[in-house]
Structure formats: structure tokens, C-alpha cells
2 protein chains.
Amino acid sequence: MRARAVARVLLLYGVPAGLLIVALRVVEYRFLVVDHAVEIYGAIIAALFAAVGIALGLRLTRSRVVVREVTVEVPVPVAGPFTPNRRELDARGITPRELEILKLIAEGLSTREMAGRLFVSENTVKTHCSRLFDKLGANRRTKAVQVAKTLGLIA
Amino acid sequence: MRARAVARVLLLYGVPAGLLIVALRVVEYRFLVVDHAVEIYGAIIAALFAAVGIALGLRLTRSRVVVREVTVEVPVPVAGPFTPNRRELDARGITPRELEILKLIAEGLSTREMAGRLFVSENTVKTHCSRLFDKLGANRRTKAVQVAKTLGLIA
DNA sequence: GCCAGAATCACCCGAACGGATGACGACGGG
DNA sequence: CCCGTCGTCATCCGTTCGGGTGATTCTGGC
């Protein structure tokens, strides 16, 4: 529904925009380079290329639509005790303590809160965070959480 | 609301189109100044147009694919197409734009990245964030994400 | 036609965070 | 016994974030 509407609007405004580009170019050429008629042909050819491109894209995708139907079955969030994907875990050298920190980050705790809950100093928490960010390729907590979830490190 | 969406799409595709025009003009200028290699020029333009056309086609089809996915995904047991729990949403007065920001936060984007993706200033993003935190009873991004997930506002 | 809500942008300030670096004790395998 | 890893703590510095306030524009509804 929504995607459909977007597509319609795209057509309604994208195509005229393209035509506008061509039109502008034609006019410009008329006024600026009268004797370079070849370039006008260039523009026309360009328009043709654009049309071909669009047609090509549409045709390619149209056939692909049918194929897509099978691939969607992947998401199977069945209940059960979560297991933290050990492979990724020691592939990245993430220690148990760091995983613990990671969980707390995902719970939305601040550095201070984590320090309080784990009975360690805030500096320690920060150190764990830094090393965690390194190993996850993140540079922010929210990013770390997102990465960790896609890697299956946390629930 | 609807007009707003139209306007946004217009912006999203109109502005790049405008940039394209400028880019073309710049290229043209360069080539005209250096020498009149019209054929090369034309070829480049043709390639650009073809690329744009293909991109456009892909874009159109991508949205088409999404529609397909939704219909297919229905028979899947637990995970259907995610719907943002409208009750909580307007119980808390969360606007569409704010929900959009919320999603980006959950993706781990920084203020700057969000601003770039939404074509607004960082200040605007920050404002949305603040109001969002109010409505979610959070005072941190990570917390906001956690709350939003438990409320079923985001996937 | 005016008002309320939504979205946009700006500025300021203090707190939190991220990055870099260094250090120290404990523990375990070679 | 020595070395590497892990967990702990610290300091410094720059950036980001969160909170507060105010202002403008646009749109829809009364």
C-alpha cells in the first residue's frame, strides 16, 4: 500500500523531472551552441538510454518478484533459552565479563548504573565498553547493541 | 499528511535531480573548455542517464518486492510484518517523525548520521530525541530503545 | 481567519560518553 | 618460572548527548 503510493509518486514526479532535464538541455543547447547540433543528438540518445535503462530495470525486477516469495521464511523467533552464539563470541575474543557489560548496555543502563550493579568502578565499566566497541566494530552504545543483536550475541 | 508525504518524496527525488543537472552542467563546462570532445561527452551523459534509469527501475521494483514480502510473510508463525502498536503510540502522543527518529536510534545512528539521512539539521534531530525521551520516560538512547522494544513500538 | 499541533532550527550548558594510554594483581599454561 | 590473558582502576581530553528555552514555518481543523 505504502510502497505502491511511493512508486506512483515516483513516477508522477520522477519522469517529468527526467523530461525536464532533457528539455532544459535542449533549450540550453539552442541558445549556447547553435552550431553543435551533434550534442542535441547526444541528449536524445541519452534520453533513449534512460528509457532503455528504466525498461531494463523494470523488466529485471519484475521477474525477480516471483523468486522472492521463498526467501522470506527465515525469521523464526521461537521461544526458548537464548544461547549467545559462541562462534561469533570467541571469534571476536569477547570475554564473559564483556558480554555481561554488553547485556547491561542493551538494557539501557548508564555507566554509573552498570558500575553499581557489578560492584566495580565506573572506570572499569568504561574500559570494558571501549574494548567491547573495538571487538564489535562500533563506536557508540546503540550501535554496539544493534551489531550484537544481528550477530546473535544478545537476545 | 498525505500532501506532506508527497512533498517529502518530491524533495527526496527532486533535489537529487537538481543536483544531477548541476553536475551535468559542470561536466559540460569542463569538457567544453578543454576541448570539444562531444562524443565522449555524449557517451558519459548516456551512461549517466542509463544508470539513473536502471537505478530508478531497481527502486521501483524494490518497493514492489517489499509488497510481495509482506503478503508472503503472513503465514509465518510468530514474526509477521511488524506493526508499531498504535495504541501505545498515540497514547503517548508519539508523532510519525518521532517514530522515525526512534527507529534510527535503534539502528545505532548518531545525531549527525540521522540528520544526514533525514535531510534535517542536527538540532532538529536533537529536539525530536528530547521529546521522544519525554514520551518514553527515558533519559538515554539505549534506555529509549529498550523501552520502545518492550512497548512494541519498534521491531 | 485564527489556533493548535507538527516539524524545523538555534543556542547554551553541564553531564555523559568515547578514545588513548598506563598500570597492577590474579590466574593458568607452557 | 615466565608470559599472556583477564579483570580491575586511573587520568586526560575532546566529542557527543541530554535538558532547557525560544522561535519560525506550515498545515489542518474549527
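Note on naming: letters A, B, ... go to the chains in the order of the sequence lines (proteins, then strands), and numbering restarts at 1 for each one.
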Residue-phosphate contact under 4.0 Å: A:S110 side-chain N/O, C:dA16 OP1/OP2
no
Considering just the side-chain nitrogens and oxygens of B:R140, establish if one lies under 4.0 Å of OP1 or OP2 belonging to C:dA16. no
From NZ of B:K126 across to C1' of D:dG22 the rounded distance in Å is 14 Å
From CG of B:N123 across to P of D:dG18 the rounded distance in Å is 14 Å
Using a cut-off of strictly less than 4.0 Å, decide whether B:S130 has a side-chain nitrogen or oxygen near OP1 or OP2 of D:dG18.
no
Residue pair A:R112/A:D134 against DNA chain C: nearer the 5' end by closest nucleotide is A:R112
Original post:
Would you find more than 12 non-hydrogen atoms of other residues, nucleotides or ligands less than 6.0 Å from A:F119 atom CZ?
Top reply: no
Whole-Å distance, B:K143 NZ to C:dA16 P, equals 16 Å
A:R131 (side chain) and C:dT21 (base): donor-acceptor pair under 3.5 Å: no
Does A:T127 contact D:dC9 through a side-chain donor or acceptor facing the base, at a distance under 3.5 Å?
yes
Discussion item. Keeping B:R141 on the side-chain end and B:L109 on the backbone end, is there a donor-acceptor pair under 3.5 Å?
Written reply: yes
5'-most contact on DNA chain D (nearest-nucleotide basis), A:S121 vs A:K135, goes to A:K135
Here the distance between atom P of D:dG18 and atom CG of B:L136, to the nearest Å, is 12 Å
Nearest-nucleotide check on DNA chain D, A:R97 vs B:T142; residue mapping nearer the 5' end is A:R97
Practice task
Please determine if a side-chain N or O atom of A:R141 lies less than 4.0 Å away from the OP1 or OP2 oxygen of C:dG18.
Solution key: yes
Under 4.5 Å between side-chain heavy atoms, counting indirect links through other Ile/Leu/Val/Met/Phe/Trp/Tyr residues: same cluster for A:V147 and B:I154 or not? no
Counting any heavy atom closer than 4.0 Å, what does B:T95 reach on the DNA or RNA strands: base, sugar-phosphate only, or nothing? sugar-phosphate
*Ignoring backbone atoms, establish whether A:H128 has a side-chain N or O less than 4.0 Å from OP1 or OP2 of D:dG7.*
no
Taken to the nearest 0.5 Å, the spacing of A:I94 CD1 from A:R86 CZ works out to 12.5 Å
